[in-house]
Structures are given as C-alpha cells and as structure tokens.
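Here the structure comes first, spelled out in structure tokens, and everything after it is commentary.
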Protein chains: 2
Amino acid sequence: MKEAAKALPSKPTEVSREPGAINNRIFFRLFQLGNTLQRQAFKELGISTVQWAMLGALSRPRAEEGMSLADLSDYLLVSRQNLDGVLKRLERDGYLVRITDEVDRRARIVKLTPEGRRFWTSLQPKIYEFYRQAMVQFRFDDTVAFVHYLNMLQADLQDVELP
Amino acid sequence: MKEAAKALPSKPTEVSREPGAINNRIFFRLFQLGNTLQRQAFKELGISTVQWAMLGALSRPRAEEGMSLADLSDYLLVSRQNLDGVLKRLERDGYLVRITDEVDRRARIVKLTPEGRRFWTSLQPKIYEFYRQAMVQFRFDDTVAFVHYLNMLQADLQDVELP
DNA sequence: AAATATATATCAACATATTGATGCGATGCT
DNA sequence: AGCATCGCATCAATATGTTGATATATATTT
C-alpha cells in the first residue's frame, strides 16, 4: 500500500477554518484509520481488530467467568451473525469455547481457554510496542483528550438519524 | 444493534491514568467507530464509507479531470483489488466511468458522470445534517484538535513495524 | 397446559477488505 | 527489434460486516 496520506495536512493551523471542511477530513480520516488499523493489526500482530477486541474483552477480570453472546455483541457493537463467524474461527483455533449457561440454558457463555489466555499473554509485549510506535507523537495529555473525543463521537454517532 | 457503548466512561477524568489503559480504550474505540460509521453511513445516507470517500475524492475541484486508479488507491488507502470492486458497483449505478488515459493508454482515469455529480450534490444536505448530529458536542476548537490527533495517528500507524 | 417471549444458530444475499498470483496491452529502455 | 517494466483487470482464498429471515430450545407469562 503506497503512502500517500502523509501528503495531507498534519497541523491544526493548516486546516481550513470551515466546519464543513474539517468534518470532511475527520470522517475521511476515520474511514482510512479503520482500514489502516485493520491491516496493520493483522500484519504486525497476526490478529484482526475484532479478534483483538474480543480477546481483550474476554481477558478482563470482570469477564473471568465469561460473557454471554448478547453481552459480547453489545460490548463489541457487532451483529450476532458476524459475532458467530468470528467466534467460530477463534474456537477453531482453540482460543475460546462456548458453554451453555447453567442458569438460562438458552444462553451461551464465551470463555477463553487456557490456550487463549496464553496467546493473549504472549501478545502483550507486541501490543505494547504497537502502541508505542503508533502513539509516538502523543503525550499523555493528548491521549486523554483523544479518547475523550473518540468517546464523544461514538456516543452521538450511533444516534444519528436523518429525516 | 443495542446501545451498550454509552455505559463506558465518557469524561477524561474517568479514564485510568495508565498509558496502557488509555491506549486500550483508544484502539478499541477506533475499532467500534469504524463499524459504527460504516453502519450509520449506509443506514442514514445510503452509501458505504468507501463510496462516500470515493465520491468525495472525485468531486473535488482538483479531480475535475478525474483520477487515475493508482492515485485513487493511494488517496483512499485501499488495495487495487478492493478498489475495483467498489468502482464496479458505482459504475453499475451510473455514478462514474473509467476512461483510458490518452497520454498513457495503460492507465485508466475515473470520473464522475453527470448523474454522479447530481447524486453527490443531493447528498450534501444529508451529509451536513449527519455531521451536525454526530459532532453535536464538538466545539470548533475540538474539531481542530480532533482531526489533528487523527492525522498524527494515521501518519505513524501505517509505519508501525514490529520486530 | 398453552401461549408468548427470548437466546442463539443458521441461512441467504450482498458489500468491503486483504494478500498473492497471473495475464494482457502499453510504455520505456537498450 | 527485443526486452523489461508498468498499469490495470482478474482470479482465488479468506475474513469481516450488514440486514432480514427461519428454526430450535428454553424461559416466562397467562
């Protein structure tokens, strides 16, 4: 993939002071970032972004007893059908299992296997380095502001409803 | 798609002051935003994000004479093969054409058709309203800072290379 | 007990995205 | 003229993502 994006303005003062122009750039850049993140994650970490998010979700202490499919879908914000496909591949690779919930036998609980936990643990140094290189220009205050903006956008983006 | 993301912290002071934790949230949120943007764009605007980016690219004054496939691929940061698929569908819908370059007959130039320009023009009010709702919490200074952070990340993310 | 609701699995159709590869026509170089 | 290179089209395999729909097992309500 050739590197053309660097030719675009990279300093605030270079951006047109027209809201429409900035919004165009914001959403265009989000589109590009989604693809670039997906590609770089797969190339450098060997996992896709949804696998990354899923393994991350399941490795949290609060998910030690696993997560229901409904909760996982809600957490990741992907459809049930898509979730099934991703789960199947991670099951195939031995990283997680689906277990029938003992309380509600309709529900399925997804848990990391010991192999899955080992895999996740082995990824940590790589993920740390990935962050270090990707965020090299960000100071701590920048990361705080950045995640704040991302959260703000996510909250309202999903509620967008045109007439 | 149920709305669970709102349960997540949305204020800077609520984010752990641990760089790793913030980075986890930044990249997780980018993953979610990519999907949410794709879904909302299709649902509310009737076009996918790559179609949006492509139509936007081709409607710029500097692209009035069209863009080569190579330039379009570089600009959008998608593979040639993927570009071909997206172009085929937009050609099918009559929004653009591929023309042989008269200078280098190996090259193809992609241009919007009059129908494509009309379609793009008809989208503008919707896109404006999309931005207005999605960015409702952003003040002008926020948008400037935000696009600055997105540019910064894009620049370094594509250069990430793990040992 | 019967009806209704829920959680999940699965199907179908389609779109978007990647890498690696091959082939063809055109261009550039020797 | 011949050869190397280029720009693109296409193929193959795979993954991720959506909506709408159907089916099954289980839970809840009447």
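If you're wondering where the values come from, they're calculated on a predicted model, not measured in any experiment. Heavy-atom basis, side chains included; hydrogens, waters and symmetry copies ignored.
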Just how far, in rounded Å, is [atom2] of [N] from [atom1] of [X]?
| X | N | atom1 | atom2 | value |
| --- | --- | --- | --- | --- |
| B:Leu37 | D:dT18 | CG | P | 13 Å |
| A:Leu76 | D:dA15 | CG | P | 18 Å |
| B:Leu72 | D:dC8 | CG | P | 10 Å |
| B:Lys43 | D:dT19 | NZ | C1' | 11 Å |
| B:Asp104 | C:dA26 | CG | P | 11 Å |
| A:Arg105 | D:dT28 | CZ | C1' | 17 Å |
| B:Gln38 | C:dA15 | CD | P | 12 Å |
| A:Asp74 | C:dA7 | CG | C1' | 12 Å |

Handout entry: Check: B:Thr113 side chain, B:Gly94 main-chain N or O, donor-acceptor pair, under 3.5 Å
Key = yes
Problem - Heavy-atom donor-acceptor pair, A:Glu44 side chain to B:Leu162 backbone, under 3.5 Å - result: yes
Hey, is the side chain of [X] poking within less than 4.0 Å of OP1 or OP2 on [N], counting only N and O atoms?
| X | N | value |
| --- | --- | --- |
| B:Gln51 | C:dT16 | yes |
| A:Asn82 | D:dT18 | yes |
| A:Ser48 | D:dT16 | yes |

Practice task
Assign A:Val110 to base, sugar-phosphate, or nothing according to its heavy-atom contacts below 4.0 angstrom with the strands shown.
Solution key: nothing
Practice task
Report which part of the nucleic acid B:Asn35 touches: base, sugar-phosphate, or nothing (heavy-atom distance under 4.0 Å, all strands).
Solution key: sugar-phosphate
Practice task
Applying side chain to side chain contact (heavy atoms under 4.5 Å, CB included), name anything that partners B:Ile47, two or more places apart in sequence or on another chain.
Solution key: B:Leu45, B:Gln51, B:Trp52, B:Phe119, B:Leu123
Run the salt-bridge test on [X] and [Y] with the 4.0 Å N-O cut-off and return the result as yes or no.
| X | Y | answer |
| --- | --- | --- |
| B:Lys88 | B:Glu91 | no |
| B:Glu129 | B:Lys126 | no |
| B:Asp104 | B:Arg106 | yes |

Problem - Contact summary for B:Asp159 and B:Ala155, nearest pair of heavy atoms - result: OD2-O, 3.4 Å
Practice task
Return yes if the base of C:dG20 and the side-chain atoms of B:Gln81 contain a donor-acceptor N/O pair under 3.5 Å, otherwise no.
Solution key: yes
Problem - Whether over 12 other heavy atoms sit under 6.0 Å from B:Arg98 CZ - result: yes
Handout entry: Of A:Arg106 and B:Arg108, the one whose closest DNA chain D nucleotide lies more 5'
Key = B:Arg108
Exercise for the section: Please list, by residue number, the residues of residues 83-102 of chain B whose heavy atoms come closer than 4.0 Å to an atom of DNA chain C; answer none if no residue qualifies. Expected result: B:Arg89, B:Arg92
Problem - the helix from C:dA1-D:dT30 to C:dT30-D:dA1: angle between end helix axes, five pairs per end, rounded to 10 degrees - result: 10°
Handout entry: Within 45° cone and under 6.0 Å: B:Arg29 NZ/CZ vs A:Phe146 ring
Key = no
Practice task
Could you tell me if the ring centre of B:Phe138 sits under 6.0 Å from that of B:Tyr131?
Solution key: no
Handout entry: 5' precedence on DNA chain C between B:Val50 and A:Ser68 (nearest-nucleotide basis)
Key = A:Ser68
